[in-house]
Amino acid sequence: MKRSHVCGELRRSDADREVTLTGWVSSQRDHGGLIFIDLRDRWGITQIVFDPEISKSVIETAKRLRMETVIVVRGKVVARPGKMVNKDLATGEIEVVVTELNVLNESKPVPLAVKDPCEAMDETRLKYRYLDLRRPSMQNNLILRHRTAQCVRSYFDNAGFIEVETPFLMKSTPEGARDYLVPSRIHKGKFYALPQSPQQYKQLLMVSGYDRYFQIVKCFRDEDLRADRQPEFTQIDVEMSFVDEDDVIGVMEKLMVRIFKDILNIELKIPFPRLNYAEALARYGNDRPDLRFDMPISDITELAGTTGFRVFQDTVLSQGRVRGLCLKKRGRMSRKQVDELTDYAKSFGAKGLVVIQVTDEGIQSPVSKFISDEEMQRILKPFDAQVNDIVFLVADSESVCCEALGNLRNYLARMFGMTDNVPFAPLWVLDFPLLEFDPEEKRFVAMHHPFTSPKPEDVSLMDQDPANVRARAYDLVLNGSEIAGGSIRIHRSDMQSKMFRLLGIDEETAARKFGFLIEALDYGAPPHGGIAFGFDRLVMMLAGESSIREVIAFPKTTSALSLMDGCPSEVDAGQLRDLGLKLIG
RNA sequence: GGAGCCGUAGUUCAACUUGGUUAGAGCGCCGGCCUGUCACGCCGGAGGCUGCGGGUUCGAGCCCCGUCGGCUCCGCCA
């Protein structure tokens, strides 16, 4: 018996049709006489009915059907009378009265209930992922992911891009994340690396003249995991020749518009707002601000330094900053809440959190005994603090101020549901520093990557003031999350060599590790630039999920294990021998 | 590498304040009843190395130490 329809398909107009359905038993309601079963496949649920007056043997089999048994049934579509219509089901206007039933495969009692909302623990879900993936919400997520990928491919195809596959076995390169290594059998003692991104390949494709490349591609980074980070993840990788920042940004904005329209029917307005890195940091405390709400940070160092409050004075003397933000119109906070927020700020290195509550009975603050009324008014002025507002101040180094207040800003927004009204707030962050100093390695490292071009007007600073050279880099930020990042690349070998020198990579090492790229730049490499888009994060947001595990079919746990297949695992001695490897310790 | 939360029946949870009878409940599973349910309902039953290992105690699911695993965060992630 082959199916004639799927379980989400039948409607009132199909009444009286003879149909054959296949699927999983999702619920059984045995009334002694009649038996109702919800038959489920990935297209939906159809109620099938077993009537003892139609067939004794069929109903005997139906009685014994357990959850998740796979069956095929033949029967007649019947329109349900008004009272019996189920408005929660797309197929709720009909049911199928079964005349024939075959069990295709039974199921043991399942270790996790196949139903939404999910009740199972993550551990159980991951161990029995194939059952977890039967849940309609997971199927919807993966279908949404598929549709998004199709949308991306169609968009780039129409825009004249071609998808080129690049190797998964490549050369390990220094800089950046830790590589996943693959030992070579033929060349014992040598290793391939899995790509952290196809960065060098796509630049080489530009040298080859494959202007307008894209690829939906797996990337691998051997770093610790997070809710939005897996060791293998998917990137929409893009590169274009003869372009500047605005060209890349324009292509990506139109892609975003297309995705949000096609997938969520949401109209995004372009161009997206742009912020430069320094502004983002000063105003929002980080380089990926959530603009679904405002609540900006203000610097009141000069005002605070002249008050009688010792902590402020000391901060100013030690070149620190006093910064704060104002929570509007939320009324008074309890001591407990204030303590909680203070602890939160402290977890980012702040020594304390000055809380000033403006109430209809006046200013309430533990520091009001150190600060005169007049000084207090001056401090509050930049925040335009009114009754029922609360000002939070941090006095510390600039980076701690940013870190603590940036996170506090997001924390307060979550606490008061300030993100609920605006679903999506995209923006570009531009003018990143080219380099940042790594105190551990005692050298400059590339903030984006070593192939990022400096801004032409800053090139002269590269030698005397590397820390202040800005990069031709851009990040796309959505709701406080970086979802894409890219740059205009260096396309001349002299500049690339200069960059490696700045990074403290000597000529020999550069030649050994990146020689092919530097050499390629000497053979007519066009100016080029591109971007890499975090596909999992994007789909996660489209799906309204808070972990990328929810949009990845078979994800790893936070310790990079796969609970289902038990990888990573030990290998046979013979496999190691073939590879010329020996385990130590 | 560090911090926090968590781990009890197939599964999801409970067992509190303060360590003290036989470790309970929903779902699932097994048996019975029920002809319009859609989380069907009703009656009965089986099912437990309380993650693992130590310790404290007359006595540990509960307290302590270690360990394994899950989640969140910091470091890390060009």
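The basis for the numbers below is simple: all heavy atoms, side chains too, and nothing from hydrogens, waters or symmetry mates. Below, chains carry the letters A, B, ... as their sequence lines are ordered, and counting in each starts from 1.
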Is there a donor in the side chain of [X] and an acceptor in the side chain of [Y], or the other way round, less than 3.5 Å apart?
| X | Y | value |
| --- | --- | --- |
| Asp179(A) | Gln196(A) | yes |
| Asp536(A) | Gln230(A) | no |
| Ser13(A) | Arg11(A) | no |
| Tyr213(A) | Asp237(A) | yes |

Along RNA chain B (nearest heavy atom to each residue), the more 5'-positioned of Asp122(A) and Tyr128(A):
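Comparing both residues, the 5'-ward one is Tyr128(A).
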
Side-chain donor/acceptor contact of [X] with base of [N] under 3.5 Å:
| X | N | result |
| --- | --- | --- |
| Arg229(A) | rC77(B) | yes |
| Arg226(A) | rG75(B) | yes |
| Gln47(A) | rU37(B) | yes |

Determine the interatomic distance between [atom1] on [N] and the same-named atom on [M]; round to the nearest Å.
| N | M | atom1 | value |
| --- | --- | --- | --- |
| rG61(B) | rU50(B) | C1' | 5 Å |
| rU72(B) | rC64(B) | C1' | 26 Å |
| rC16(B) | rG55(B) | P | 25 Å |
| rG48(B) | rA25(B) | C1' | 15 Å |
| rG44(B) | rC52(B) | C1' | 37 Å |
| rC43(B) | rG4(B) | P | 47 Å |
| rG54(B) | rC42(B) | C1' | 49 Å |
| rC27(B) | rC40(B) | C1' | 14 Å |

Closest to side chain of [X], choosing from [options]:
| X | options | value |
| --- | --- | --- |
| Ala177(A) | rC38(B), rC77(B), rG69(B) | rC77(B) |
| Phe348(A) | rC74(B), rU35(B), rU12(B) | rC74(B) |
| Glu223(A) | rC30(B), rC76(B), rC13(B) | rC76(B) |
| Leu126(A) | rU72(B), rG36(B), rG70(B) | rG70(B) |

Identify whether any heavy atom of [X] sits under 4.0 Å from a base atom; if not, whether one sits that close to sugar-phosphate; answer base, sugar-phosphate or nothing.
| X | result |
| --- | --- |
| Pro109(A) | sugar-phosphate |
| Glu95(A) | base |
| Arg125(A) | nothing |
| Asp224(A) | base |
| Asp30(A) | base |
| Thr558(A) | base |
| Arg178(A) | nothing |
| Ala227(A) | sugar-phosphate |
| Leu561(A) | sugar-phosphate |

I need the Leu538(A) CG to Gln235(A) CD distance, nearest 0.5 Å.
12.5 Å

Aromatic ring pairing Phe348(A)/Tyr344(A), orientation class (parallel under 30°, perpendicular over 60°, tilted between)
perpendicular

Should the ring pair Phe451(A) and Phe500(A) be called parallel, tilted or perpendicular, given that the plane angle runs from 0 to 90° and is split at 30 and 60?
perpendicular

Examine rU12(B): is either OP1 or OP2 under 4.0 Å from a nitrogen or oxygen in the side chain of Thr124(A)? Give yes or no.
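Thr124(A) to rU12(B) OP1/OP2: side-chain N or O found under 4.0 Å.
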
I want to check one thing: is the phosphate of rC40(B), taken as OP1 and OP2, less than 4.0 Å away from some side-chain N or O of Ser27(A)?
yes

Under a 4.0 Å N-O cut-off, is there an ion pair linking Arg443(A) with Glu175(A)?
yes

Please report the distance, rounded to the nearest Å, between [atom1] in [X] and [atom2] in [N].
| X | N | atom1 | atom2 | value |
| --- | --- | --- | --- | --- |
| Lys346(A) | rG4(B) | NZ | C1' | 17 Å |
| Arg29(A) | rC33(B) | CZ | C1' | 19 Å |
| Met67(A) | rC29(B) | CE | C1' | 11 Å |
| Glu403(A) | rC76(B) | CD | P | 10 Å |
| Asp222(A) | rC76(B) | CG | P | 16 Å |
| Asp132(A) | rC71(B) | CG | P | 13 Å |
| Ile35(A) | rG36(B) | CD1 | P | 13 Å |
| Leu225(A) | rC74(B) | CG | C1' | 15 Å |

Determine which nucleotide pairs with [N], using a 3.5 Å limit on both distances of a Watson-Crick or G-U wobble pair.
| N | answer |
| --- | --- |
| rC38(B) | none |
| rC16(B) | none |
| rC63(B) | rG55(B) |
| rU22(B) | none |
| rU72(B) | rA3(B) |

Sub-6.0 Å ring centroid separation between Phe220(A) and Phe168(A):
yes

Please answer whether rU37(B) and His31(A) are stacked, defined here as ring centres separated by less than 5.5 Å and planes angled under 30°.
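So no, this residue does not stack on that base, at least one cut-off failing.
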
